[in-house]
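Here is the structure we will look at.
The first residue of the sequence shown is numbered 1, and numbering continues consecutively from there. Please read these numbers as outputs of a predicted model, since none were measured by experiment.
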Amino acid sequence: MESSASGDGPSATTAAVAAAAAVASSSSGPSTSASAFSAGVSGGASATHYLAKRVLHGSAVQHVARGHFRSEHLWEFVLCKGTSLELVVVGEDGVLQSICEQNTFGIVKDVGVLDWRFKHFGIWPEIEGKEILVLLSDSGKLSLLYFCCQMHRFIPIGNIELSKPGNMRDQLGRILAIDHDSAWVAISAYEDAFAVVRVGRTQHVYGPNKEIVEKAKIVHAVYKTSDIRGTVWSMCFMRTRCSMDEYYPVVAMIINRKGSDANDLSMYALAANDGGIQYLSGYSEPGPLALEIAEIPQLDGFGLLFRAGDILIVDLRDPKDICCTIRISMTGSLVGEQISVEDSCRGLDVDDDVAACALLELRDSGNNIMMDDSCMAIDGADNPGSMKSRVICSWSWEPDAMRGQPRLIFCLDDGEFHILEFNWDTEGLKVLPERVHRGLPCKPLLWMDRGMIAGFVEMGDGMILHLEHGRLVHRSTVQNVGPILDLAIADYHGEKQDQLFSCCGMCPEGSLRVIRNGVNVEKLLRTEPIYQGVTGLWTLRMKRTDTYHSFLVLAFVEETRILSVGLSFNDISDAVGFQPEVCTLACGLIADGLLVQIHSKGVKLCLPTSHAHPEGAALTSPVCVDWYPDVTISVGAVGHDVVAVATSNPCCLYILRVRPLSSLQYELYETQHVQLQYEVSCISIPEEDSRLRTSCSAFGGDFRKREGNNSAAEVDVRMFAVIGTHKPSVEVISLEPDEAFRLLSIGSISVNNALGAPVSGCIPENVRFVASERFYILAGLRNGMLLRFESGTSKDQYLPGSFYKESFAPSLSALLQLVAIRHIGITPVGLVPLHDSANSDIIVLSDRSWLLYASRHSLAYSSISFLPASHVTPVSSVDCPSGLLFVAENCLHLVEMVHGKRLNAQKFSVGGTPRKVLYHSDSRTLLVMRTGLTGASCSSDIVQIDPNNGILLSRFKCELGETAKCIQIAKIGSEQVLIVGTSKSTDRPMMPNGEAESIKGRLIVLSLDTLGSPHECSSFIPTSNLSSSSHTGSFPEIVGYANEDFSSNSMCSSPDDICYNQIQFEQIAGHLRSLTHVTFTGAVLAVYPYLDRYVLAAAGNTLSVFGFVNENPHRMKKYAVSRTRFTITCLKTYGSQIAAGDCRDGVLFCSYHENLRKLELIYADPAQRLVGDVVLLDCETAVVSDRRGSISVLSCPGLEVSESPEKNLAVQCSFFMGEIAMSIQKAAFKYRLPIGDETDPVLESAYNCVVASTLLGSVFVMIPLTSEEHQLLQDVQERLSLHPLTAPILGNDHAEFRRRGIPSGVPSILDGDMLVQFLELTSEQQQTVLDDGSSVKAPRRSISVFQVMRMLERVHYALN
């Protein structure tokens, strides 16, 4: 670096639960682990141990597959997103809904499906009726997965070794193809290598007692060749006329031979005589470049050859005599014209240079297959020129097409969608083309069932389209936040949580997204803070069959109020009949038109009047009947035709029922009365008729109704209730009217009093019966713990035997087993179902709100993006059918959980490509740098945006032909300024070797003192969608749940969109005023403030220090300049330390000597690194990402003396993400640790963590750990990485994947995604993982489940 100065310039489970309950209930101070977490925060010295966890899965879909993965009767779809899989379904409304998402711990290269549903019945029961997902990845293995409904995830059934991990260019693992019979799989490398694999399966071997002696397994045979001598672009199996005794199977491949500018179609086959792969023939047709080959379903021997500008239908029935039968031309087609079909393509008059030109265009556009698939072209021009020949970028066959009439839908790179229908008659093959849509180009594309078609846009939102009358109609949007080019973190004002403002996508789909953690809710209404002292909240229907709720019941300490549910909430307490001057303990609908109120003095039955509800009694006052016990009621519940109440002294349980006496006259009478040994703490009666056996499907509510074979079947089950007791225990009791009191099942909550835990902390606060894949009971305790109880059932029974009426004797199966335990808060846990059904998802209330997924294995839940609430109830009305009413901060909040919204992200379409975003805290607005604008006045600008509604407040336009490259806020004296770096050329700022191009750039200083806050700029509320060229569209746009009808020639416009007036930007451009600027030789790619009085600017390989004379922002002066070997792409500072990211040499630590006016290199990166971004945690520690998918922590070495003027930084730890992070930010998140009943402020911890966003749309968070925490979790991670339930599904070595590209000896950052799998296991499975010491290389040490759970719960709590 050159420098110069310038003056101008079971038992174990029980024990674990007992220990957990004891510690959770105790009132002692924080544990050692808690203190360590707090100590790691305070910010002095940086930690040397970290844990990295993905908090937002990537949303950029690269591969898709359809199949019957959970049931042979339901179409489902797998989205492959780099390093994760997502299983989704599409509802009747066309909304994509997520079933599950899991990490692969490897990079998926290609995907396919084996249809083994109707083969070998009884051979392998676990996969019977299911299709098998096939993955090709960088693991070097072919992975076969099936979906396990019990674990709610994909489980590997076989991993076939193909090559070494990492996928070198000549190693198998690039493309796969599956034959029609699902017996053969073809795999190719990038070049030269190719193989076919025969796959099959054996069956379970059973012993004399029907126990499994030998499990079923996958059997395979691999046949390889390395004689292709070229790059494989595409391949597929073909059914030909070759004798199976001679050649079988036959594979057609598109190959680019080395040294050739054209691709040819080659036929290979497995020879039956010697088992070797033989070359059969080749075919090359003059004309455009051949890109892909596909077999036509149902038409044996015919294939489609996709070329740049046309499609050839080739006859491959005789692989040694290939001929072309039909040519479909698209090169001359314009909008509105049909593509043309020619009967023969032999002797076509084509330009001899077309193939060479097309190849060059493909290479220039980044489509060259020899490039890395995972890279996105984000550094080049925003509007690349379109190709001369239109290229098919994606295609998909119709599933279950009519016999003899297969149909294909394909998308061109200009956004046109076409359908080809193939017919075979006596005259031969006929093709009927039809253009059905014009929109954005999609890749990939998937034709789903019911005429639905999913298109995924590479750098924008995808879409679900529906084929109606020969046209595609837009049904819903599929959110995609990738690539995330930059992000800013800020507090979500008023809700005490952080949010990410991110620059997503590229032109023309660039957008600003506001990403929040947890489950998204739309806020609809908030009342004044007049609801102090709310003790209960319920919504009631007038009839069980009513679609909407009619009454809202609010209970206070000494009062009860009833409001009507509708457009306005009116007080109708007098017309309903509830006792107003008491605190309601519980209420409900006992029969149609009859409501029950339970309070401490008694039970009240009410028949509301017509004033309260149109179907009420036509009386002036409600009909009421009371029942009073001799003692005070403590708890109660209302069910269908039954009321259960309990008293505390004595501990009694009463069962009440109602019967009519005459018209409008009813009696509330006692049917059972039993004295209990322990007091009842809570009662729950299942809302849904428990006589209905719940289906074995894995999804809830809406989907359950759709699948005929899984419909509920009636069984003879007792009516029952679930109670929690002070024993403490969870018990199920019979409510059958003709039976005496009977205990059906019991689950004990063990408490170890030797640890000093008060029993009161482990008493159930709420209990809930859930019927999903299997029956279980949830119990929320008063100490903030959540428990799940299950009971063993026989194969032919869904519920335990004691639940059935024919069972009279108690059975061992009646004992409930505690299978999972989680500590989710520090306050009593409430359980509120979203719907009146036993399989409904549940809102869990503690000191925070969570959504628990009822169908998941163990306990799986996500935080709700809302304030901490004390009470919640679902509310359904005409205007808000899926509402939720929260009580928080003495207010009622009406919100709606958005149906089908897979990402909690709000979208603002900004036009062009948003490259950088900054949060301006003083005005609470965003400063966004945009490029790729199509207006005549400028192609790049900086705009100020209101993040609440996306309103554009002010703007600065760059000069014509100038592109903004970076922005930063700096403070000069008392004035805030915005520093902008630009390039005066549209060309790339650096050469491929990393050296800077000879272009000009500017450093511009803009004033921010005139920035107005949103309320000051209300006159600008009528605004556009921020696009300088488009005058149509909707802004802002909340995507993910709105259904819009798109016309076939629409570019995402809708007649229902809200249109705003267009702003004349010239009227507001003065708000961002230029103060001064400096011109550089080189594009200014990075700027950053330094020591509150300087500005650093990197132009090319030159780093300059600028100051402001007399703190005058108009007078900028250069003080020092230094040079590096290659282009500097990023800058960060901390105190006096400067970190510069060199595009080849990695991170460089520099310091500026003010007295000497000299920049000095202090430390250099020990390795060459393609820097993505860098952040300084303190003066000695930097976190850097590279463009190979890794993130590393570098720090200054110790105090050792070195004679070398350049010292290398020490690599503290590294982590291979498998995704490229282009933005890294430092943040301090605050949260309250759930470690006890105390609410001392010391429990509120904040620590320096790192947030990284990737090109695939993922967000990773790195948090520091102490040495003790790291050692413990590292042992757990090693065990998890080898346990069958949690090991990587790709069959690869987890440690090898996370350490890929990391020098030996460098510690690895712990993988939070691997570790949190421990929380998804049952207690028994957790103990099994920890007892398995074979996976740990170091000497085995004892680890308790409780210790691991407590630590991982802290991590999970902090990251949510």
Ignoring hydrogens and geometry, is there a side-chain-to-backbone donor-acceptor pair from S234 to E292 under 3.5 Å? no
Where the side chain of D110 meets the backbone of L136, is there a donor-acceptor pair that is under 3.5 Å apart? no
Any side-chain donor-acceptor pair under 3.5 Å between R317 and T240? no
Please work out whether the ring planes of W397 and F422 are parallel, tilted or perpendicular, with thresholds of 30° and 60°. tilted
In terms of ring plane angle, is the pair F410 and H418 parallel, tilted or perpendicular, where the classes change at 30° and 60°? parallel
Rounded distance (nearest 0.5 Å) linking atom CD1 of I311 with atom SG of C324: 11.5 Å
Does this structure show an ion pair linking E285 with R327, if we count only N-O contacts that are shorter than 4.0 Å? no
Side chains of S266 and R257: do they bring a donor and an acceptor to under 3.5 Å? yes
Within the structure provided, determine whether K130 and F69 are in side-chain contact (heavy-atom separation under 4.5 Å). no
Does the side chain of R471 pick up a donor-acceptor pair with the side chain of H437 at under 3.5 Å? no
Applying side-chain hydrogen bond (donor to acceptor under 3.5 Å, both in side chains), name anything that partners H466, two or more places apart in sequence or on another chain. E468
Keeping R390 on the side-chain end and M330 on the backbone end, is there a donor-acceptor pair under 3.5 Å? yes
Rounded to the nearest 0.5 Å, the CG atom of L291 sits from the CH2 atom of W233 at a distance of 6.0 Å
Residues P914 and G510: closest non-hydrogen pair is CD-CA, 3.7 Å
Any donor-acceptor pair under 3.5 Å linking the side chain of T477 with the backbone of Q479? no
Might you point out which heavy atoms bring A195 and L172 nearest each other, and give the distance in Å? CB-CD1, 3.6 Å
Supply the atom-to-atom distance R174 CZ to Q171 CD, rounded to the nearest 0.5 angstrom. 15.0 Å
Among Q62, E101, H57, H63, which residue meets the side-chain hydrogen bond (donor to acceptor under 3.5 Å, both in side chains) test with K81? E101
Take atom NE2 in H68; do more than 12 heavy atoms of anything else shown fall under 6.0 Å from it? yes
For I484 and S502 the tightest heavy-atom approach is CG2-CB, 3.9 Å
Taking G460's backbone N and O only, do any of them form a donor-acceptor pair with N480's side chain (distance below 3.5 Å, no angle check)? yes
Could you give the distance from CG (L412) to SG (C442), rounded to the nearest 0.5 Å? 11.5 Å
Would you confirm whether E86, through its side chain, and S98, through its main-chain N or O, come within 3.5 Å as a donor-acceptor pair? no
On the six-membered ring of F77, is R66 placed so that its NZ or CZ lies under 6.0 angstrom from the centre and within 45° of the ring axis? no
For a 4.5 angstrom cut-off between non-hydrogen side-chain atoms, does L79 reach L96? yes
Side chains of T83 and E1219 only: does a donor on one sit below 3.5 Å from an acceptor on the other? yes
Work out which heavy atom in P483 is nearest to a heavy atom in M506; give both atom names and the distance. CG-CG, 4.5 Å
Side chain of D181, backbone of A183: donor and acceptor closer than 3.5 Å? no
Output for pair (S476 OG, L465 CG), nearest 0.5 Å, gives 8.5 Å
Test side-chain hydrogen bond (donor to acceptor under 3.5 Å, both in side chains), reference N256, set T231, D261, N263, output is N263
Quick one: does S182's side chain have a donor or acceptor within less than 3.5 Å of a partner on W116's backbone? no
Is it the case that the side chain of S511 and the backbone of K907 share a donor-acceptor pair, with hydrogens and angles ignored and the cut-off at 3.5 Å? no
Side chain of R169, backbone of D192: donor and acceptor closer than 3.5 Å? no
With a 6.0 Å cut-off on the ring centroids, do F306 and W395 count as close? yes
Of the non-hydrogen atoms in R54 and S1258, which two are nearest, and what is the gap between them? NH1-OG, 3.5 Å
Atom CD1 of I1289 and atom OG1 of T104: how far apart are they, to the nearest 0.5 Å? 6.0 Å
